[in-house]
Amino acid sequence: MWVDETIPEFLETSCTDSAENLAVIAVSHQKMSQGESDLVARLTYAELREQALLAAARVRDAGVRPGDRVLLQLPNIAEYLVYLLGIFWAGGIPVFCLPAHRASDLIHFAIKSDASAHVFSSRTTGADFQQLHRSVASAVQDQQCRRLAGIDASLPYDTEKSESFTPAQPVINTDRTRKSEQVAFLQLSGGTTGLSKLIPRTHADYLYSVRQSAKICQLNQESTLLVVLPASHNFAMSSAGILGAIYTGSTIVFAADPSPKTAFTLIEQEKVRVVQLVPPLAQAWLASAPKRQPNLETLELIQIGGAKLLPSVAEQITPVLHGKLQQVFGMAEGLVNYTRADDSDEMRLHTQGRPMSEFDEIRVVDDNDVPVAEGESGHLLTRGPYTIRGYYNEPHINVKSFTEDGFYRTGDIVRLHPTGDIEVTGRAKDQINRNGEKIAVDEIEDVALTHPHVYDAVAVGLPDEAVGERIYLVVVPQPDADFGESPVSAMREYFAERQVTPYKFPELVEVMDALPLTNVGKISRRDVRAAVLDHVLQNK
Ligand code: J2J
C-alpha cells in the first residue's frame, strides 16, 4: 500500500504536473497588508509553488532545520497553503494547530513537540496573534530554554533571500532507511484525557489514505473543492480534502467564514462541486437555503462527517442542497470510512460507510475485548495501513489506547451491518463533540477545579440542535464560596484568564451542593458524569 514517496515530493510533483491549473482561491492576508483593493488571491499551481518556495526560505531563515517541528496556526487564507508547502519544503514537520487555539493549548503543543517555530498571521481576527505568539514563546523559553521563532505569514516575502534556497527533505528518525516511512507531521487528537495528544502520521501512510480517498470520492481535475471547515482538520486535509485536491490538480476554494451566506456565494461564483460539512453546519445550510435560494446546481458531492448525522437530517441533504450525500466517519488517528457513490439510499442515509481500504481491520468488542455477536453494538477497535500504533511521546496513554496487538481503541460504539457498513451508535469516551470539535471533559473539569471557589466539578455534553453538544459544567462550591449572580460568567472569565481556547469554555454552569451518586460508595467518574447528565436532562 505504501509508495516510497514523501509529502514534499508529492507536493512538488503535483505542482509541476498541474502547473497551469488554478490551485487556490482565497483571501490573502499579504494582499491585505499591502493595502491592495482586491483581497482575493487566485494562484495557479505554478504560482503556489513559487510562493511556497519563498515561504520555505523564510521558514529556514527563522532557524528551522530539517526535522524541526513548526506550529502552523493560520485560518483558511491563501497563505495557509503557501506555508503548508513551505514548511514541508523547508524540511519542517508541521503541527496542525487551529486559529482558535489559545496560549494554554499552544504552549502544550510547542512543548510536547519541542517546536522551533510558530507560523501565524497577525491579521487573523479573534486575538492579537503577535501578543499570543510572544506569550507562548516566553513560556517555551522558560520551560525548555528553547527559542520559538515567530513567523507572521501576513508579511510579504523577502525575494532576495530566497534565491539561494534549495528544498530539503524532513528527517526525524534517522534509523529508518526509507524517508517515506518517517513522521511527516503531527495532527492533534480530539483528546479524551487532558490536553490533546499529538498524532504522528508518516508520509507513506498518509499519502496512501489521500490517494485512496480521492479515488472513492471520485475527484478529478474539475472537482473544485470548497473548504469551510478549518483547513488543519484531518477531514479537511485528507478526506479527500486539500491533499486530495492537490493530488488531482483541482481547485481549492477557502471560505473565510463558515456561514451559509459566504459559502453559497462562493459555490455560485466559483462553481464549486465538492464540499465537506459537520452535521451542525449542514443543518445551518438546510435552514438557510430556502430563504436565500442559492444556485447550488454545480454541487455534486456533499461530504458530512465529524459527528453523527441523524437520518432525518441526512434525508434532506440532496433535495435541498442538490449534491449527493456522502457520510464520512473518520479520525485523525487513521481509519476513515465512506459511504460509496453506488450505495443504496438506505445505506447512505443510515450508515457511516465502510473503511476506505480492504486492509483496514475492524473489531467490534464488549467491555472485555471479546467480539460481540454479529450485528450487536460494541467498541470499535481498528488496525490498518494508515492507522497509528501510538501517540507521540505518550507511553502511558498508549498502553490504554491500543491493544497489545496494535489495535487502536477508537472510543466509538458501533454496529456492523452484514454488508460491512458501520453505524455509529454511541460513544464510550469522555468527550464532548461541539461543532465537530472534540473536547476532553476532564480538561474542562481540571481547569474548573483550579478555581479557588470550586470544590468539585463535572462537565457533560448536553445534546443541542445548533452545535451538536453544549458544554454543561456542574460545580460544587467550597464552603462559603459565592459565584455571584451569574456563575457562567464567573467561570468563563476564569477560563479566559487561564488562556483556555474559547470553544472549550463552559456554556451553561449549574451550582450544586453535592453531585448525584457521590454518596453511593465506590463508583467511577464516568458514572458520576452519567448521573449529572441525567439530572440535567430531567430538569430541562
Ligand atoms: C459519528 N461520529 C463521527 C461520523 C467522526 C474524516 C471525517 C471526520 C474526521 C474526524 C476525520 C463521525 N459519525 N460520521 O479525521 O478524516 C467522531 C468519532 C471519531 C472522532 C474523530 C476525517 N466522524 N466522528 O472527525 O479526529 O467519535 O476526526 O472517533 O476530529 O469523531 O475525530 P477527529
Side-chain angles (χ1 to χ4, degrees), residues 96-98 100 185-192 196-199 201 205-206 208-210 212-214 216-217 227-244 274-282 302-311 313-314 317 325-339 347-357 360 362 377 379-382 384 386-388 391 401 408-415 421-441 461 463 468-469 503:
F96 287 125
C97 306
L98 301 173
F185 59 83
L186 295 164
Q187 250 301 353
L188 308 179
S189 81
T192 48
S196 297
K197 298 171 290 289
L198 300 178
I199 298 173
R201 299 289 302 260
D205 94 61
Y206 210 62
Y208 168 61
S209 80
V210 168
Q212 197 67 7
S213 295
I216 291 169
C217 304
V227 183
V228 295
L229 303 177
S232 278
H233 267 194
N234 195 56
F235 184 12
M237 186 60 69
S238 66
S239 298
I242 294 168
L243 292 183
V274 183
V275 63
Q276 305 168 304
L277 298 173
V278 289
L281 256 186
I302 299 171
Q303 301 180 281
I304 303 184
K308 172 82 179 211
L309 179 67
L310 295 176
V313 180
I317 297 297
L325 167 69
Q326 179 182 52
Q327 296 214 38
V328 190
F329 164 40
M331 52 209 73
E333 285 83 355
L335 180 71
V336 182
N337 304 278
Y338 294 103
T339 56
M347 282 299 156
R348 270 187 307 116
L349 298 176
H350 292 94
T351 78
Q352 280 62 60
R354 54 186 179 277
M356 70 160 97
S357 167
D360 282 317
I362 297 291
S377 276
H379 302 274
L380 171 66
L381 311 184
T382 186
Y386 59 97
T387 294
I388 56 163
Y391 292 106
S401 302
Y408 166 57
R409 298 183 188 276
T410 65
D412 294 310
I413 305 288
V414 305
R415 192 164 83 80
D421 291 275
I422 298 176
E423 186 185 334
V424 180
T425 55
R427 184 177 62 203
K429 47 190 168 190
D430 292 327
Q431 196 176 65
I432 297 171
N433 190 331
R434 185 181 186 281
N435 270 333
E437 227 55 271
K438 319 302 186 303
I439 305 144
V441 291
E469 287 175 346
Y503 68 75

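Counting convention: from 1, in listed order, for ligands and their atoms alike.
Between the side chains of Thr425 and Ser377, at least one donor N or O lies within less than 3.5 Å of an accepting N or O.
Side-chain atoms of Asn337 come within 3.5 Å of backbone atoms of Phe329 as a donor-acceptor pair (strictly under, hydrogens ignored). Remark: the backbone N or O of Thr339 is paired with a side-chain donor or acceptor of Gln326 at under 3.5 angstrom.
Within 4.0 Å of ligand 1, protein heavy atoms come from Asn234, Phe235, Ser239, Gly305, Gly306, Ala307, Lys308, Val328, Phe329, Gly330, Met331, Ala332, Val336, Gln352, Asp412, Val424, Lys429, Lys438.
For the side chain to side chain donor-acceptor pair (under 3.5 Å) test, residues two or more places apart in sequence or in another chain that qualify with Asp421 are Arg354, Thr419. With sequence neighbours left out, Glu437 forms a salt bridge (Lys or Arg N to Asp or Glu O under 4.0 Å) with no residue at all. With sequence neighbours excluded, the residues satisfying ring-ring contact (aromatic ring centres under 6.0 Å, His included) with Tyr408 are Phe402.
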